[in-house]
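Chain identifiers are assigned alphabetically (A, B, ...) following the order of the sequence lines, protein sequences preceding nucleic acid strands; residue numbering begins at 1 within each chain.
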Number of protein chains: 2
Amino acid sequence: MVKKTDATMRDVARLAGVSVATVSAVINGTATVSAQRAQKVRAAAESLDYHADQIARSLKTGRSNVVGVVIPDITNAFYPEVISGAEEVASQAGYSLILCNANEDPRQEQRLLSTLFSHRVDGVLVACSDSSTAYDSLVRRRFPIVFFDRIPQGFRGSAVSTDNFSGGLEATRHLIGMRHTRIAIVAGRSTLSTHADRLEGFRKAMQEAGLPVRDESCRVGGLTIDSGYEFGLELLRLPEQPTAVFCTNNKMLLGFLRAARELGVACPERISVVGFDDYAWTENFHPQLTIVAQPTREIGRQAMTLLLTRLQALREGSRSHDNHVIVLQPELRVRQSTAGLL
Amino acid sequence: MVKKTDATMRDVARLAGVSVATVSAVINGTATVSAQRAQKVRAAAESLDYHADQIARSLKTGRSNVVGVVIPDITNAFYPEVISGAEEVASQAGYSLILCNANEDPRQEQRLLSTLFSHRVDGVLVACSDSSTAYDSLVRRRFPIVFFDRIPQGFRGSAVSTDNFSGGLEATRHLIGMRHTRIAIVAGRSTLSTHADRLEGFRKAMQEAGLPVRDESCRVGGLTIDSGYEFGLELLRLPEQPTAVFCTNNKMLLGFLRAARELGVACPERISVVGFDDYAWTENFHPQLTIVAQPTREIGRQAMTLLLTRLQALREGSRSHDNHVIVLQPELRVRQSTAGLL
DNA sequence: TGCGTAAGATGAAACGTTTCGATTTTTGCC
DNA sequence: GGCAAAAATCGAAACGTTTCATCTTACGCA
């Protein structure tokens with residue numbers, strides 16, 4: 001026998017012989033109800049397989065127990081890993097995740113945010129598709145938002161990211177320490193904090209060592225495997241071929257490696273390569289990669305924790321600082337893709 | 001100047017000097033409204049930055065424009081890729097995705113489904129964590145559900161998957177064609193359709209060739225990198241070491257490769273390896289992997305399309321067959337990790 | 001015994017939409 | 001110009017909760 005429609009609070013109330021308000025009180029534990037009636041209500045709910053309707057609840061309370069997560073590129077393995085951390089924390093706290101993929105398109109991102117708002121999400125986690133001032137209004141409205149990984153320029157609010165400057169610095173110092181002098185960089189759009197910071201770290205290290213950063217060996221602007229590949233071809237065909245390269249994300253790194261393989265430029269013999277983001281599967285790479293590893297899942301965990309803390313404070317009406325910035329340290333893992341010169 | 005709270009339909013109605021019903025009609029285009037008033041309403045909505053409240057809308061209509069997606073393991077690169085396909089189709093149709101990670105735990109999966117229902121999702125996509133009869137009630141209730149990848153045993157309903165039997169068959173035939181006779185298999189839990197089918201394909205190929213499937217070279221039950229590693233150690237320490245192995249998923253494959261590397265068993269010289277799931281990054285593997293590739297994103301696209309079609313039929317009250325099964329063909333990609341014997 | 005009080009229980013009003021039947025206005029036609 | 005029909009508009013109920021003010025009950029104590 002199948003019910004036509006799900007049981008409602010009224011059904012439970014009727015069956016238990018109490019008022020709807022009492023059922024609500026029992027379900028939420030918001031008021032004292034005699035043990036006897038509470039028991040009756042629970043039994044009734046059980047037998048009707050009653051499940052509170054979150055939609056109705058949200059409409060009334062203005063809270064949804066859902067948080068939105070907006071990422072720029074779901075096919076970049078970095079983000080699913082972050083999400084996994086965020087999901088872990090969220091589900092433990094009884095929150096669900098609405099996942100949105102902006103496809104590196106700021107306009108799409110705006111649309112997604114707007115959809116999220118109309119679904120009344122309690123807060124959002126965003127890795128932005130491009131730096132923009134569109135977030136300012138959110139912050140001004142004091143809407144609970146936490147940025148992770150990519151943080152808008154000049155953003156004042158909560159955020160979690162890796163110390164990308166330091167990552168770029170260490171990666172480059174490592175190359176320099178191996179006596180490389182013609183060092184190239186393949187970097188993402190400079191409007192993205194992550195890539196801009198890594199590039200800055202690179203510049204700083206070069207400057208420290210008194211090495212010039214020449215325009216032709218400084219390729220900025222891609223993000224994809226293909227762009228890494230194109231940049232790779234260009235760099236490896238330079239009259240003064242670089243002996244080392246720093247790729248600021250994993251996808252461009254893959255593209256660069258493809259270019260090197262195609263041109264028959266051996267790594268690390270003729271080109272040392274250091275990239276970003278470490279994964280279980282890179283242990284099978286040949287050569288194994290020297291990499292700046294980010295605490296990926298931890299970024300997700302921390303960002304979600306920050307957001308949930310904020311939400312709780314909001315619920316309890318207590319004061320919370322909404323510009324908590326967490327910077328996690330990356331770790332340079334030296335393996336085989338970088339080798340000393342001479 | 002910032003509004004205390006979001007503008008509601010009533011606000012728009014007031015400003016436009018019309019009734020709430022008229023505003024609704026304009027927003028949804030459900031009734032004919034004179035051009036003049038429609039214009040006024042739109043202007044008012046614009047100026048108030050009005051956005052319809054999906055929550056209230058859902059409560060009234062019983063529809064949420066949200067679909068749930070439940071996967072067993074978000075850290076398995078296969079699923080994010082499927083999701084990316086599903087997300088693409090969904091967002092084009094104006095649907096959002098609630099993503100849930102069951103962590104290979106059927107009880108967690110049940111909890112997640114229950115949460116999804118209370119959020120009134122319009123339908124769900126599920127890759128099950130374990131075969132169970134708990135889905136029967138869903139199907140009986142005719143709740144819109146589409147399974148993908150992993151399909152519960154005996155399930156009668158809509159589903160999208162790869163032809164896993166054929167995948168296992170081809171992979172094994174390939175090894176046999178290279179004159180291997182001592183062929184091992186590292187497979188996932190046999191309660192999972194994917195792994196069971198791949199194992200069946202393996203058995204069939206072995207039987208065709210008149211080769212015995214010995215218990216000790218048939219490791220069934222893991223899913224993770226670690227279990228692939230453990231199985232790998234066991235298999236490679238067998239007195240009669242297998243000369244080839246078929247791993248039924250990408251994670252176990254990674255584990256197996258680690259074991260081989262650790263024991264110094266060269267691939268493909270001493271062990272040929274074929275696995276499942278191809279990725280952009282495997283091109284950097286050494287050796288490059290012979291792999292059964294699934295049309296991963298396509299699985300996501302098709303599954304979501306199936307679900308949305310069903311939802312549309314439901315909305316329009318038209319009849320739809322709710323047991324549409326789509327089986328996509330995998331493709332064996334022969335590369336360097338398998339080599340001929342003798 | 002009676003009274004004050006606290007605990008328990010409840011009815012009804014929201015929350016922001018959609019939708020339907022009723023009402024008003026416009027249109028077309030003889 | 002009058003009338004029927006079509007078009008446009010509207011008021012109000014409903015969706016399933018939460019919550020608050022109100023009402024009832026029971027208990028302890030003088």
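The only member of A:Thr296, A:Val160, A:Val89 that meets side chain to side chain contact (heavy atoms under 4.5 Å, CB included) when paired with A:Arg301 is A:Val89.
Within 4.0 Å (heavy atoms only), A:Arg63 reaches no atom of the nucleic acid at all. Base engagement by A:Val20 is indicated by at least one non-hydrogen atom pair under 4.0 Å involving a base atom.
Minimum atom distance to the side chain of B:Ser19 is reached by D:dG11, of the listed C:dT17, C:dA9, D:dG11. Closest contact between the side chain of B:Thr61 and the listed nucleotides C:dA9, D:dT18, C:dT19 involves C:dT19. In this structure, the nucleotide among D:dT19, C:dT18, D:dC10 sitting nearest to the side chain of B:Ala21 is D:dC10.
A salt bridge links A:Asp6 with B:Arg141; the closest basic N to acidic carboxylate O contact falls under 4.0 Å.
B:Lys40 has its NZ atom 10 Å from the P atom of D:dC10, to the nearest Å. For A:Asn65 and D:dT17, the CG to C1' distance is 14 Å, given to the nearest whole Å. One can place CG of B:Asn28 at 17 Å from P of C:dG16, the figure rounded to the nearest angstrom. Atom CD1 of A:Ile27 and atom C1' of D:dG16 are 13 Å apart (whole Å). Here the C1' atom of nucleotide C:dT10 and the CZ atom of A:Arg10 are 14 Å apart, to the nearest Å. Residue A:Phe117 contributes atom CZ, which lies 19 Å from atom C1' of C:dG16 at whole-angstrom precision. Rounded to whole angstrom, the span from the CD atom of B:Gln36 across to the P atom of C:dT26 amounts to 11 Å. One atom, CZ of A:Arg57, and another, C1' of D:dT19, lie 13 Å apart when rounded to the nearest Å.
The 5' end of DNA chain C is approached more closely, in terms of each residue's nearest nucleotide, by A:Ser34 than by the other of A:Lys60 and A:Ser34. In terms of position along DNA chain D, the nucleotide closest to B:Arg37 lies nearer the 5' end than the nucleotide closest to the other residue of the pair B:Arg37 and B:Ala56. For the pair B:Thr32 and B:Leu59, both in contact range of DNA chain D, the more 5′-proximal nearest nucleotide belongs to B:Thr32.
Applying the 4.0 Å criterion to OP1 and OP2 of C:dT18, one finds that B:Ser24 has a side-chain N or O inside that range. Remark: B:Thr30 is not in phosphate contact with C:dT18, judged by side-chain N or O atoms under 4.0 Å from OP1 or OP2. In this structure, B:Thr22 reaches the D:dC10 phosphate: one of its side-chain N or O atoms is under 4.0 Å from OP1 or OP2.
Minimum interatomic distance between B:Pro144 and B:Arg310 (heavy atoms only, all atoms of both residues): CA-NH1, 3.6 Å.
For CD of B:Glu316, the number of neighbouring non-hydrogen atoms (other residues, nucleotides, ligands) closer than 6.0 Å is greater than 12.
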| task | Step by step, work out the side chain to side chain donor-acceptor pair (under 3.5 Å) result for B:Asp322 and B:Ser158. | result | CA-CA 6 Å; B:Asp322 47 3; B:Ser158 293; over 6 Å; no
